[in-house]
Amino acid sequence: MIEEVKAYLKMNPESKAKDIAKELGCTTKEVNQILHYTPDIFVQDKATYKWTLLPQDESIVTFSGCWVDCDSFETSLQNAESDVDKTSSVTFILPDGCSFLLDALARFLALCNQLAYSGKGVSIDFSNNGSLKHYLNRAGFFDHLDEKVKVLPDRPKQSTAKSHKDNSKNLVEIGEVTPHEDEDAKDQLVTRLTNKFVNLTSNEYKAAVSTIFAELTGNIQEHSSTELKGFAGLQKYLGSRPHIQTVISDSGLGIASTLRPSLQSHHKELYKLYRDENIDNDIALVTRVMSDGLISRYGAGRGLGFKSSREHALKFKAKYSVRQERFSLEFLFENGDLKQVISKTNLVKICGTHICFDFNID
């Protein structure tokens with residue numbers, strides 16, 4: 001029964017014993033026996049008589065032994081016995097058969113770096129999955145993984161992403177985007193991404209993908225406001241539905257936090273709607289930016305938000321998603337019109353903006 005109490009308090013912190021008992025269908029006495037006799041797990045506020053879980057020393061996240069997409073990635077984080085952002089160390093276990101789609105991999109890389117940057121101990125266990133470790137090395141994952149992150153059984157001795165750079169038919173190795181500097185390196189990355197995409201499709205895509213890559217990497221450089229570096233990459237997937245995933249990721253403030261301070265000066269009508277900082281307003285503001293564009297922190301004449309990227313993506317039947325600190329949005333279009341925005345909330349904290357454009361190709 002202790003696990004049921006832990007699970008309840010994980011979702012409902014600061015609860016009284018009688019409320020826990022009512023929800024679990026047992027007596028308050030039974031619940032109190034568990035709460036009072038396991039002080040290493042539960043703590044009570046003596047003033048309010050409410051109980052919460054004590055932060056655990058380690059969080060263990062085990063990913064599924066199959067393809068990990070964004071949904072299963074987020075589910076694995078949420079299913080960890082201890083909250084990832086409340087423990088002093090985190091271990092990620094990648095079992096046999098586990099493989100990452102690029103959009104989930106971008107979130108994973110950003111999370112590992114953010115946890116390490118915050119001072120947490122971070123380990124990634126590849127002991128039973130050498131093939132995934134080999135692919136991540138080829139994709140450039142370890143080149144951008146914080147050196148403080150412990151890789152089990154060991155880190156690759158050399159980077160195959162560097163030694164075989166641009167030699168893959170279906171991959172553009174993860175490239176670095178540094179906030180506020182190194183414009184030439186950013187332009188080179190945009191060129192590499194654009195050329196690979198065109199080689200995998202046709203010249204018809206060139207203007208669209210060049211605009212998308214330039215706009216979104218430019219956003220990282222100008223608006224990220226973090227010491228952590230951003231990155232971008234590309235991967236083609238075959239199968240019954242061939243598609244190309246392109247990801248652009250940063251660990252900065254996020255879209256809503258970046259725009260909100262300027263709304264009163266440059267977008268007064270939006271300021272009235274979204275000035276309060278809460279999850280609902282953040283979702284509404286990010287949805288508006290990603291679906292309509294035309295919102296800039298600098299006002300008229302300075303930037304078009306994500307308008308150009310969105311319009312180009314729609315021409316080629318691309319769907320796109322954006323992950324923010326505690327929520328994600330997926331935009332579904334039909335015949336060029338926005339039909340649905342699927343939001344997921346109460347996600348494990350990952351700072352920044354993580355965007356994926358997924359292009360269906362013939």
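This is a predicted model, so every value here is computed, not measured.
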Asks: Residues two or more places apart in sequence or in another chain: which of them pass side chain to side chain donor-acceptor pair (under 3.5 Å) with Glu325?
Replies: none
Asks: Among side-chain atoms of Ser72 and Asp69, is any donor-acceptor pair under 3.5 angstrom?
Replies: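 On atom types as modelled, these side chains qualify, holding a pair under 3.5 Å.
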Asks: For a salt bridge (Lys or Arg N to Asp or Glu O under 4.0 Å) with Asp282, tell me which candidate from Arg326, Arg288, Arg260 qualifies.
Replies: Arg260
Asks: Can you tell whether the side chains of Lys344 and Asp71 come within less than 4.0 Å, N to carboxylate O?
Replies: yes
Asks: Is the Phe141 to Phe100 ring centre distance short of 6.0 Å?
Replies: no
Asks: Tell me, please, which residues at least two apart from Asp146 pass side-chain contact (heavy atoms from CB on, under 4.5 Å).
Replies: Asn113, Ala116, Lys148, Val149
Asks: For Phe126 together with Phe142, are the ring centres under 6.0 Å from each other?
Replies: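 Yes: the rings meet the under 6.0 Å criterion.
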Asks: Write down the atom of Leu200, the atom of Lys236, and the distance for their closest heavy-atom approach.
Replies: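 Answer, listing the atom of Leu200 first, then Lys236: CD2-CD, 3.7 Å.
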Asks: Please say which of Ile279, Leu285, Val286 ends up in a side chain to side chain contact (heavy atoms under 4.5 Å, CB included) with Ile283.
Replies: Ile279
Asks: Provide the closest heavy-atom pair for Thr353 versus Gly254 in the form atom of the first, atom of the second, distance.
Replies: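 Closest approach of Thr353 to Gly254: OG1-CA, 3.6 Å.
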Asks: Got a sec, which residues hit side-chain contact (heavy atoms from CB on, under 4.5 Å) with Tyr271, two or more places apart in sequence or on another chain?
Replies: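 Listed in chain order: Leu263, Gln264, Arg275.
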Asks: Sorted by first residue and then second, give each salt bridge (charged side-chain N to carboxylate O under 4.0 Å, His left out) pair with at least one member in residues 152-173; sequence neighbours left out.
Replies: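 For residues 152-173: Lys133-Asp154, Arg138-Glu173, Asp166-Arg192, Glu173-Arg192.
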Asks: Hey, can you pull the donor-acceptor pairs under 3.5 Å for the side chains in residues 345-352, sequence neighbours left out?
Replies:
none

Asks: With sequence neighbours excluded, tell me which residues meet side chain to side chain donor-acceptor pair (under 3.5 Å) with Thr194.
Replies: none
